Amino acid sequence: MSVSTSVRIARIIQYLDAKYGKIDWWQGDIDEVLIGAILTQQTRWENVERALKELKRQGLCSIEAISLTNKKSVQMAIRSNGFYRIKTERLKSLASFVMGRYGGIEGMARESTRGLRKNLLEISGIGEETADSILCYGFQRTSFVIDAYTERICKCLGLNEKRSEYKKLFEKVLPLSALSYQLTHAHIVEYAKEYCGKKRCGECSLKILNE
DNA sequence: GACCAGGTCCTTG
DNA sequence: CAAGGACATGGT
């Protein structure tokens, strides 16, 4: 006899919070978070940092600068990130959206969470995870980020839902605060990187939370 | 050299 | 809807 899905989710959250607590994760100004949200797609964080560093060095680490700079320059700056051509397209799309629709990030920050999410998802190259990362880590909104790691960990626990369902479950269980959403997602990533690699799934100690 | 990484889009069945 | 390929560099 196993417990309900919500209770399992709550136990994961509690277990990880006890293990990691208030870790520093994805700090940085809002421009950096928006740019990083695209750079981190299917890419190791070390590669993201390389590209961010180079963008900063060239004074290109802002939405406004990206919108004003030619593609070739952006491509060269983020080359070490990987997927540099398609990600340049995505960065340019995001930047022209922010500048064109809101006149900049400050204007964007006045938009409702619903409106922002809907608009972000209409930008080519921005899917659910990237949109939620921008909302949660960039704009401090309560939109929980579900990524491949979250899915993997939940699967380890015998859950088998779609990402949209996990999002609802975590949002139901967590307190309504951007900080707790940020921390929990960060905890999941840290845990999964350490214990739930593709070859190690199945040894997950979180299984004890199923009883 | 093989395999993988904090996704998303496009094409097929 | 589910599955598979493309996009690319850098670390193990």
Side-chain angles (χ1 to χ4, degrees), chain A residues 12-13 16 19-20 23-28 30 32-55 57 71-97 117-139 141 143-156 160-167 170 174 178-204 206:
Chain A
I12 296 171
I13 291 168
L16 294 175
K19 183 174 176 65
Y20 296 107
I23 58 178
D24 274 346
W25 208 73
W26 210 344
Q27 306 301 315
I30 192 164
E32 200 174 324
V33 173
L34 300 215
I35 291 166
I38 284 172
L39 294 181
T40 196
Q41 293 172 346
Q42 191 63 19
T43 300
R44 293 175 190 278
W45 187 253
E46 303 80 64
N47 280 17
V48 176
E49 287 187 318
R50 251 185 226 101
L52 285 174
K53 188 175 173 187
E54 185 59 20
L55 285 170
R57 198 182 69 73
K71 289 180 182 175
K72 200 68 188 177
S73 302
V74 177
Q75 285 182 2
M76 291 305 99
I78 69 168
R79 191 176 42 80
S80 62
N81 179 82
F83 298 122
Y84 63 91
R85 277 184 283 259
I86 193 161
K87 285 185 176 176
T88 293
E89 295 303 314
R90 293 175 181 181
L91 287 172
K92 293 290 282 183
S93 299
L94 173 61
S96 38
F97 164 74
R117 190 166 197 277
K118 179 176 181 301
N119 288 339
L120 285 168
L121 289 175
E122 282 173 7
I123 299 170
S124 175
I126 296 193
E128 307 241 334
E129 180 178 341
T130 307
D132 289 330
S133 296
I134 287 172
L135 289 168
C136 190
Y137 290 94
F139 291 95
R141 306 297 176 90
S143 198
F144 193 74
V145 181
I146 302 293
D147 63 357
Y149 286 149
T150 315
E151 203 169 20
R152 199 184 293 174
I153 280 186
C154 289
K155 192 162 248 174
C156 268
N160 192 18
E161 310 284 347
K162 287 185 295 187
R163 289 194 178 196
S164 57
E165 191 58 32
Y166 288 133
K167 180 172 167 65
F170 275 92
L174 280 167
L179 182 60
S180 59
Y181 281 33
Q182 291 166 2
L183 286 173
T184 294
H185 173 68
H187 293 161
I188 287 170
V189 174
E190 289 307 311
Y191 184 88
K193 282 203 289 203
E194 191 172 358
Y195 300 105
C196 206
K198 286 212 165 156
K199 295 180 177 173
R200 308 176 67 178
C201 238
E203 308 168 2
C204 195
L206 290 173

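Predicted model only: the values in this text are computed from it and were never measured. In what follows, chains are A, B, ... by sequence order, proteins preceding strands, each numbered from 1. Because only heavy atoms are used, hydrogens play no part in the values below, and waters and symmetry mates are left out as well, while side chains stay in.
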Base, sugar-phosphate, or nothing: which does [X] touch, judged by heavy atoms less than 4.0 Å apart?
X	result
A:Glu46	nothing
A:Ala37	nothing
A:Gln42	base
A:Leu39	nothing

Find the distance [X]:[atom1] to [N]:[atom2] and express it as a whole number of Å.
X	N	atom1	atom2	result
A:Gln75	C:dT9	CD	P	11 Å
A:Leu94	B:dT8	CG	C1'	14 Å
A:Ile146	B:dG7	CD1	P	12 Å
A:Lys53	C:dG10	NZ	C1'	15 Å

Output yes when at least one side-chain N/O atom of [X] is less than 4.0 Å from OP1 or OP2 of [N], else no.
X	N	value
A:Arg85	C:dA8	yes
A:Arg50	B:dA5	no
A:Thr40	B:dG7	no

Checklist entry - Quick check: does any side chain N or O of A:Glu151 sit under 3.5 Å from a backbone N or O of A:Arg163, one acting as donor and the other as acceptor? => result no
Checklist entry - Side chain of A:Glu32, backbone of A:Ile30: donor and acceptor closer than 3.5 Å? => result no
Item to check | B:dT11: pairing nucleotide in any strand, Watson-Crick or G-U under 3.5 angstrom | outcome: C:dA3
Next on the checklist: Tell me the closest heavy-atom pair linking A:Tyr20 and A:Glu194, and the distance in Å.
Outcome noted: OH-OE1, 3.4 Å
